[in-house]
Protein chains: 2
Amino acid sequence: MATADTAVLRRFNRAWSQRIGVLEESYLGQGRSLGASRLLFEIGPSGAGVLELRRRLGLDSGYLSRLLRTLENDGLVTVRADHGDRRRRVAVPTTKGRRAIERLERRSEDRALELVAPLGPSQRRRLDEALVTAERLIRAATSSIEPVAADGPQASYAVGRYFAELQERFPDGFDSEGAATTDVPGMSPPAGCFLVARVDEDVVACGGLQRHTARVGEVKRMWVDPDWRGCGLGVRMLAALEDEARRLGYGEVYLDTNASLVEAIAMYERSGYHAIGRYSDNPYAQAWFAKRLASLPR
Amino acid sequence: MATADTAVLRRFNRAWSQRIGVLEESYLGQGRSLGASRLLFEIGPSGAGVLELRRRLGLDSGYLSRLLRTLENDGLVTVRADHGDRRRRVAVPTTKGRRAIERLERRSEDRALELVAPLGPSQRRRLDEALVTAERLIRAATSSIEPVAADGPQASYAVGRYFAELQERFPDGFDSEGAATTDVPGMSPPAGCFLVARVDEDVVACGGLQRHTARVGEVKRMWVDPDWRGCGLGVRMLAALEDEARRLGYGEVYLDTNASLVEAIAMYERSGYHAIGRYSDNPYAQAWFAKRLASLPR
DNA sequence: TCCGATCTCTGACTAGAGTCAGAGAATGGC
DNA sequence: GCCATTCTCTGACTCTAGTCAGAGATCGGA
């Protein structure tokens with residue numbers, strides 16, 4: 001079972017990189033070295049800071065500097081000091097550079113078109129669907145779940161999306177004013193935490209943990225971006241919160257939810273939560289769950 | 001419409017190669033250079049001919065020779081002359097080499113497992129399905145349709161599979177004895193041809209064209225491997241045969257078929273064929289079709 | 001105003017990947 | 001048996017990608 005899908009993955013990778021990956025490289029090159037092309041592409045039509053480029057491409061500063069020099073010598077970009085901080089420099093494409101970027105775009109586009117050209121409309125549709133599905137799952141699988149400050153920008157963004165959704169889904173709406181700020185200290189160390197899942201810098205899920213009693217933690221603000229549901233992020237987030245609860249010394253976690261959040265309730269039950277009686281005075285709660293935490297494995 | 005799916009393709013490629021492609025490389029390397037690792041992997045546990053390796057990896061003979069020398073010096077392979085043709089040489093891994101190959105396998109496997117580990121069983125299943133679908137379509141899209149000798153090994157293989165399927169599907173079976181050999185001269189130049197579609201050296205579809213009258217060609221032996229149906233190969237094969245017919249000076253093509261081959265009949269109709277009266281004495285034919293060929297576009 | 005940190009750049013390297021020309025051995029067809 | 005061809009190998013290159021160690025400019029805070 002476990003080996004079956006890695007075989008699929010590896011076979012796919014082989015077939016894909018033989019046809020696309022390898023070809024792409026030699027294709028994009030065209031005169032310029034691949035490194036220089038990639039850099040030019042990454043600079044983009046509106047320019048980019050050198051520091052940011054180094055981060056995005058993961059290059060050595062000396063190497064990047066040299067690449068920039070060759071692009072400059074070819075008259076494709078100009079590099080000038082950043083206005084705010086004159087240690088930093090900014091690369092901006094010239095007109096010629098912008099044309100070169102467009103050419104790269106076009107080549108890449110042509111290559112993709114050439115590949116799907118032999119397929120009929122229904123095959124293309126199926127390929128599209130399969131690639132969209134695979135991309136979402138792969139991206140979700142490689143997303144990282146990390147603690148952030150409960151009052152930081154990432155938490156605020158996620159909680160804002162969460163509240164907006166509650167407002168829309170609860171039959172009588174949802175008043176976020178009261179809840180928004182009061183819980184921040186509770187979801188910070190040492191008695192709590194706030195986690196977000198990120199896919200390529202985008203926050204796509206969140207969840208908080210706070211103290212209920214000395215032995216019981218409470219999960220709050222569990223949310224997964226609607227575009228990213230069905231990828232297992234909710235289950236992972238919940239498991240990460242439970243790990244965190246164990247780490248903080250809780251032996252059990254509670255959570256409450258509204259009856260209208262049916263997918264969430266199903267997930268809690270799948271994850272081993274069982275219904276308990278009302279434990280809070282949360283006016284929006286209509287169902288209460290608990291799960292005993294086994295001690296840390298291994 | 002057309003740009004929509006190239007965007008999907010390119011987005012997928014970006015996400016995929018960021019996560020898999022790039023990591024794979026540094027991952028596999030481990031001490032040996034990437035080129036040497038790839039070669040060792042391609043030699044495989046049972047060895048391979050040098051000429052074949054060069055073809056498969058697309059390498060310069062000098063470069064390959066040098067890579068083999070380094071593997072030999074590391075005690076991973078032995079290179080000896082081919083028994084049949086002593087100009088050729090064969091690379092065979094030593095015990096140490098076989099162990100190194102296993103290690104590469106294991107690393108690659110681990111990498112794949114690591115990637116899918118965060119996914120639950122239902123997500124893995126969906127990823128599997130999506131990748132299998134995408135792989136099949138991509139491979140089918142990049143398959144090549146080429147003329148081969150009607151009495152060559154590729155044509156024999158394909159026609160053999162075709163006849164076997166007819167035997168199974170026709171209510172009263174099919175007698176291949178008579179048909180097998182008589183048509184070979186007809187499906188060869190100058191009045192006819194035989195085409196096969198290949199996916200990575202495997203023959204997955206075929207089709208023949210022969211003279212019916214001076215103005216009319218006849219399509220025969222259209223077959224697509226059951227594993228490769230639904231990828232548009234049948235439509236492409238038929239179109240290729242029509243192109244060939246035009247090239248050979250025919251203004252119209254006929255074909256006959258058995259009523260039990262329902263998918264084929266549907267495809268003929270989709271491709272612009274219309275039913276005509278019986279034109280042949282083929283005892284298995286129960287439906288007859290024709291299509292006028294427009295003159296070559298452009 | 002000084003000092004440590006940050007950012008970029010230059011010079012000096014290395015390793016990998018690959019090309020090109022030609023030599024030498026074996027082969028197959030005449 | 002001769003000769004063109006095929007296959008592999010060697011030597012002499014090139015180009016790309018990247019590392020490492022500083023130098024010099026600039027910044028932010030004490």
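So you know, we letter chains A, B, ... as the sequences are listed, proteins then strands, and number each from 1.
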Atom-to-atom span, CG of A:D82 to C1' of D:dC27 - whole angstrom: 12 Å

Salt-bridge contact A:R89-A:D82 (side-chain N to carboxylate O under 4.0 Å): no

B:L209 side chain reached by B:M187 side chain, heavy atoms, under 4.5 Å: no

d(CG, A:L59; P, C:dC7) in whole Å: 16 Å

Distance in angstrom units between A:L39 CG and D:dT16 P, rounded: 15 Å

Sidechain N-carboxylate O distance under 4.0 Å for B:R98, B:E102: no

Flag, side chain of A:T94 to backbone of A:L76, donor-acceptor distance under 3.5 Å: yes

Ion pair check, A:E52 and A:R56, cut-off under 4.0 Å: yes

Atom-pair distance (CG on A:L34; P on C:dA17), nearest Å: 14 Å

Salt-bridge contact A:D110-A:R107 (side-chain N to carboxylate O under 4.0 Å): no

Rounded interatomic separation in angstrom, taking CZ from B:R32 and C1' from C:dA15: 16 Å

Contact pattern, 5' to 3', of nucleotides 3-13 of chain D - B, S or - by protein heavy atom under 4.0 Å: --BBSBBBBB-

B:D243 CG to B:L195 CG distance, which is reported to the nearest 0.5 Å: 9.5 Å

Inter-axis angle, terminal five-pair segments of the helix from C:dT1-D:dA30 to C:dC30-D:dG1 [nearest 10°]: 20°

A:E109/A:R106 ion pair, N-O < 4.0 Å: no

